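The model shown is predicted, which means the values in this text are computed figures rather than measured ones. These numbers come from the heavy atoms of this one structure, side chains and all, not from hydrogens, waters or symmetry mates. A, B, ... follow the sequence lines: proteins, then strands. Residue 1 opens every chain.
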Amino acid sequence: MNKDKILSNSDVAEILYRMAVLSQFVGENAFVTRAYQKAARNIESLDSDIRQVAVNGRLRTIPGVGRAIAGTITEILKAGTCERYEEMKSAVPADIFRMLGVTGIGPKTVRLVHENLGITTLDELEKAAVGHRLQKLPGIGVKQEKKILRAIRRSKSMDRRIPLGVAIPIAEYVVEYLKRCPHAENVTVTGSLRRHRDTVGDIDLIASSSDPESVIAAFTTMPGVADVIGSGTTKASVILRGVQIDLRIVDRSSFGSLLQHFTGSKEHNIRLRELAIGKGMKLSEYGILDQTTGTLLPCGTEEEVYQRLGLPFIVPELREDRGEIEAAIAGTLPDLVTLADIRGDLHLHSTWSDGANTISELADAAIRMGYGYICVTDHSRSRGIAGGLNEEAIIEKMGEIERINESLDGFTVLAGSEVDIRSDGTLDYDDYVLEMLDIVIAAVHSGFSQDKRTMTSRIVRAIENEHVDILAHPTGRLIGERVGYEVDIDRVIAVAAETETAIEINASQSRLDLNDINARKASESGVMLAIGTDAHTLNHLHYMESGVHLARRAWLEPRDLLNTKSVADVLRWAG
DNA sequence: GCCGTTTTCGGCCCGACTGTTTTCAGTCG
């Protein structure tokens, strides 16, 4: 790591996560690993800047940070690394993180092949498996060697995380298929997909059945299954269209317990189990065991699980151990926004630029969705490739919007634009044009390779323009395609709070930008958020649902979002 | 390595599957 780099919370967390991995390898006990992970997670979701916390001497007020880790953090902030980290790194194979990234290969296996065969990279491990050198090692046989080889080849051909646009249709296909099995009941999506994370690692499904084996058999022989990774009497995993799908089956009486368990997150469940122990209970996917009487109480519903632990129900989107359990205990869980609270869509493209539908068609669709308004935000003049409008065209477009509004009752089309932020931070229209528009969305669409400092001041300059109402897709990421430009998002959030500029939650399944953590940070900093679908065709309007789920993961309530307000209030807000 | 209205030492979430060392370790979620 560059010594001169200013470290963020996530940089520090990243090193601690790596230390957690390395600690497993150098033979520390498992609780050391957990301690590093816990500290890393709490630093990652910390509201304040870790540098400031360190300066104030308050590192040990962070949960999971004790004397040793506080010292480690201080060292990292000063030097960009720490002695213990470097020491552990030098004792392990160079390619350790890639090897451990392969499902089925853990620290014990890596250590075994390193010590016995001198293997340091994933490619060497693959070669050793091909040359049948692994099966001679203690604890590894012919089957284990084959399994490792298959896992390596699979991981090389697979993306690590899958965008929702890919995962959701696959999940729907499998659920529909299983529902047609005569013995499958309650087929339900769980895991990170049910928590509505922006990407998922695999797809987790559960079901109940009086004949689990027939359901497992149907699952593993389902059309499209490319590989069966494992198959037991209650659980199986397959690969379908390059995605791993896990199915787990239990008795109907403990369905709620199972649903809760497999929805996760793992961290949330660990906290719940710790809480259960404190109350003399033991929580598992089968139910809650009363330690004093030794009786197991299976929970038929998820609500029952939380109720028995003395907690209000916690919705799946919040189950990340980011303070939801403390809030549940204190009775301060947020009253989260729902799709029904959304009254309009503020980011749409029409045939005036690169959209597929006319303004009237967009308005009709929005009316059918129960909205009170939309804001049509076609591209500005520099986006030639996307049909960006020059000044004359945008004024003509405003005339059309006026005519459409005259024909509508109880619904309003707002005139907006998604205006390019030029590379120097100026906007793509003169102020007199911006002033005429109801809503101005500013967005970066070019010059992605600018360095962090330049990009940050470019965006800051744009949102300091008094006509800019919303900053669109603030990091520019495209899930699975590009990571986004370098930007100091904390600085952008701070300036947005000062200038009262809203920040967009772009609901497009390939963007979902801001993400949940930053959206929550922005809201806590006093920034208004606005969910926009960035729709280019009518079916994109339904991305609003993904945007709402993201907002819920960011702990947002209706009042935190611009597009839960009436059109009059939106216009008043935009000034 | 962290933590404490049971504990400053002795705990730390729970269970399934797989393969192999025939009673259990490694890995995963």
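Of the charged side-chain nitrogens involved, none lies within less than 4.0 Å of a carboxylate oxygen, so that A:Arg98 and A:Glu124 do not count as a salt-bridged pair. Taking a cutoff of 4.0 Å between a charged side-chain nitrogen and a carboxylate oxygen, A:Glu145 and A:Arg133 do not qualify as a salt bridge.
Closest to the A:Gln144 side chain, of the nucleotides B:dG15, B:dG19, B:dG1, is B:dG19. Of the candidates B:dG1, B:dT27, B:dC13, B:dT27 carries the atom nearest the A:Thr109 side chain, counting heavy atoms from C-beta on. Candidate nucleotides B:dT20, B:dC13, B:dA16 were compared by shortest atom distance to the side chain of A:Arg34, and B:dC13 ranks first. Distances were taken from every side-chain heavy atom of A:Ile69 (C-beta onward) to each of B:dC17, B:dC2, B:dA16; the shortest belongs to B:dC2. Ranking B:dT20, B:dG1, B:dC13 by closeness to the A:Lys266 side chain, first place goes to B:dC13. Distance from the side chain of A:Phe31 is smallest to B:dG1 among B:dG29, B:dT18, B:dG1. The A:Arg248 side chain lies nearest to B:dA16 when the options are B:dA16, B:dG19, B:dC13.
Residue A:Ile277 contributes atom CD1, which lies 7 Å from atom P of B:dC12 at whole-angstrom precision. Protein atom CZ of A:Phe262 is 11 Å distant from nucleotide atom C1' of B:dC14, rounded to whole Å. Computed from coordinates, the A:His261 NE2 to B:dG29 C1' distance equals 6 Å when rounded to whole Å. Taking atom CD1 on A:Ile288 and atom C1' on B:dG15, their separation rounds to 16 Å, with Å as the unit. Note: NZ (A:Lys147) to P (B:dC28) measures 9 Å, nearest angstrom. Here B:dG19 presents its P atom at 15 Å from CG of A:Leu134, a figure rounded to the nearest Å.
Counting non-hydrogen atoms under 4.0 angstrom, A:Gly139 reaches a base of the nucleic acid. Among the protein residues, A:Val110 comes within range of no part of the nucleic acid, since none of its heavy atoms lies under 4.0 Å from any strand. Residue A:Thr234 is in sugar-phosphate contact alone, with no base atom involved, counting any heavy-atom pair closer than 4.0 Å across all strands shown. No engagement by A:Arg271 is indicated, since no non-hydrogen atom pair under 4.0 Å with the nucleic acid exists.
For the pair A:Arg194 and A:Phe262, the cation-pi criterion (under 6.0 Å, within 45° of the ring axis) is not fulfilled. With a 6.0 Å cutoff to the six-membered ring centre and a 45° limit on the axis angle, A:Arg18 does not count as a cation-pi contact of A:Tyr85.
Phosphate proximity of B:dC2 to A:Tyr36: absent, as no side-chain N or O sits under 4.0 Å from OP1 or OP2. Regarding contacts with the backbone of B:dG15, a side-chain N or O of A:Lys282 is found under 4.0 angstrom from either OP1 or OP2.
With a cut-off of 3.5 Å on both pairing distances, B:dT8 has no Watson-Crick or G-U wobble partner at all.
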